[in-house]
Amino acid sequence: MFDKMHIKMNVNGEDHEFLAEPRDLLIYALREKLNITGPHVGCDTSHCGACTVTVDGKSVKSCTMFVAQANGAEITTVEGIGQPDALHVLQESFREHHGLQCGFCTPGMITRATKLLEENANPTEEEVRFGMAGNICRCTGYQNIVKSILAAASELNSAKEAAQ
Amino acid sequence: MIPAAFDYYRPKDVEGVIALLQEHGDDARVMAGGHSLIPMMKLRMAEVPHLIDLQDIAALKGITIDGDTITIGAMVTQHELINHDGLSAAAPILSEAALQIADPQVRYMGTVGGNIANGDPGNDMPGLMQCLDAQIELLGPEGTRKVAAREYYEAAYMTDREDDEVLISVRFAAPTGGYSYEKQKRKIGDYATAAAAVQITKAEGRVATASIAMTNLSDVPVWSEDAGDALVGTTCDAEAMKAAVAAMLGDIDPTEDNRGPVAFKRHVAGIILTRAITRAWDRA
């Protein structure tokens, strides 16, 4: 009864295979089995968004997904978005505009914001606030997070225009 | 928080789901997006020895608009509902309501079917489906049957669905006239303190038809026939709206919780319904 499952998933472009109990939550599988510790455990109740990752193109709170549900999925965590020596435009922008203080919520913010800008490359301030409503930050008061995302959007758009 | 252990199944078709439900009885539960069930399992308020994930069943995923009949598969997510062009034109009240559910991440996973089937009084789709007079389609070992959304809810988390049945779709006539889904909540992600779904049609400057349903103001969603009737034939003036609110207040039965005492909830219900009627009438 309650056998372990053979789980396969692609995380940040790399294939992984491991055994897990179906009830293991995706966040713990990522952090403890794969040692991918960018996604954080904040509230563990699908409110705070610190555990946000992208699963098959959807922004997902990985504390509210069983690893069994993500079997066969393609997953992107903050580690797949930028690297310390090659930051993503959003990460640069968070640094530039003081979009973080303690940094605990930032991996979720960046992961969610990447998806937001993918779906809406030119958001208004209101759209950014609405699109980031599932991510909670206790330091910044959000002003600088919104500023960071808007600035990143405009930088990504200018880069796109320049490339054309 | 770690839920109790379970065996996990991901059948490819609905027949596979029914077979599992028959085999395991009430030890089995189907899971759509899981954003109601997983939190309950983590809190150990729900123990599910056999968990049946519906994510691979393509037949539950479509939105069909056939003439004026709209069918939404159980596994359509709130995110898909909001971003479906045809649906936003044919029944804009759906996206207006869905945009007020939870937050973006939850809307990517949360489904229409799960929201309707779960029977949580706080869910928004049940009241909305009652407002639209939707038919809920259930599949069981004997085949499918339809139940009116207005007849589906028996008590909190108790519905007309049998243990070996699965909700596969919801169907309704494309609404006409003006619409509004108005919701008061304390914060993003919270359930409603009070919410109202309103559809109004207009003829010669007067209300021709009106359908009104309320969310989270009783242990089931409340379709208030009397509230709708109070508007019909009027010019939807202040007096008519007052009569509709009075009729609605006769049908709801809120209980005190951390969203406030009963008197406050009744007060909010009246304000929310007045706003919803005003907006629906403006759009009619």
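For the numbers below, each heavy atom of this structure counts, side chains included, while hydrogens, waters and symmetry mates do not. Residue numbers start from 1 in every chain, and the chains themselves are labelled A, B, ... in the order their sequence lines are given, proteins ahead of strands.
For A:Thr64, the parts sitting under 4.5 Å from any heavy atom of chain B are the backbone and the side chain alike. With a 4.5 angstrom heavy-atom cutoff, B:Ala102 does not touch chain A via any of its atoms. Contact annotation for A:Met5: only side-chain heavy atoms (C-beta onward) come within less than 4.5 Å of a heavy atom of chain B.
Summarising the geometry of B:Pro104 relative to A:Gly131, their closest heavy-atom pair is CG-O, 3.3 Å, with the distance given to 0.1 Å. Shown here for A:Leu25 and B:Ile38, the closest heavy-atom pair between the two residues is CD2-CG2, 4.3 Å.
Listed by first and then second residue, the ring-ring contact (aromatic ring centres under 6.0 Å, His included) pairs involving residues 65-116 of chain A are A:His40-A:Phe104, A:Phe66-B:Phe6 (not counting sequence neighbours).
Residue with the most contacts toward chain A among B:Ala4, B:Gly189, B:Pro3: B:Pro3 (heavy-atom pairs, distance under 4.5 Å). Options A:Asn71, A:Ile136, A:Leu116, A:Val55 differ in how many heavy-atom pairs under 4.5 Å they form with chain B, and the most are formed by A:Asn71. Counting heavy-atom pairs closer than 4.5 Å to chain B, the top-ranked of the candidates A:Glu21, A:Met65, A:Arg112 is A:Arg112. For chain B, the option among A:Ala133, A:Pro22, A:Ser59 with the highest count of heavy-atom pairs below 4.5 Å is A:Ser59. Heavy-atom pairs under 4.5 Å with chain A were tallied for B:Val106, B:Asn83, B:Asp53; the largest tally goes to B:Asp53.
Around CG of A:Asp15, the count of heavy atoms belonging to other residues, nucleotides or ligands within 6.0 Å exceeds 12. Within a 6.0 Å sphere centred on CD1 of B:Ile2, heavy atoms belonging to other residues, nucleotides or ligands number 12 at most. For B:Arg186, the CZ atom sits in a packed shell: over 12 heavy atoms of surrounding residues, nucleotides or ligands are nearer than 6.0 Å. Within a 6.0 Å sphere centred on CD of A:Glu119, heavy atoms belonging to other residues, nucleotides or ligands number more than 12.
Residues B:Lys42 and A:Cys63 meet the side-chain proximity criterion, which asks for heavy atoms closer than 4.5 Å. Between B:Leu99 and A:Phe130 there is a side-chain heavy-atom pair separated by less than 4.5 Å. A:Lys61 has its side chain within reach of B:Asp103: a pair of non-hydrogen atoms, C-beta onward, lies under 4.5 Å apart.
In terms of modelled atom types and a separation under 3.5 Å, the side chain of B:Tyr8 and the main chain of A:Ala68 share a donor-acceptor contact. In this structure a side-chain-to-backbone donor-acceptor pair under 3.5 Å is missing from A:Lys58 to B:His79. B:Arg10 places a side-chain N or O within 3.5 Å of a backbone atom of A:Gln69 that can act as its donor or acceptor partner.
To the nearest 0.5 Å, atoms OG1 (A:Thr54) and OH (B:Tyr108) are separated by 8.0 Å.
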**Item:** Chi angles and distances behind the side-chain contact (heavy atoms from CB on, under 4.5 Å) call for B:Met1, A:Thr45
**Value:** CA-CA 9 Å; B:Met1 294 177 295; A:Thr45 53; 3.5 Å; yes

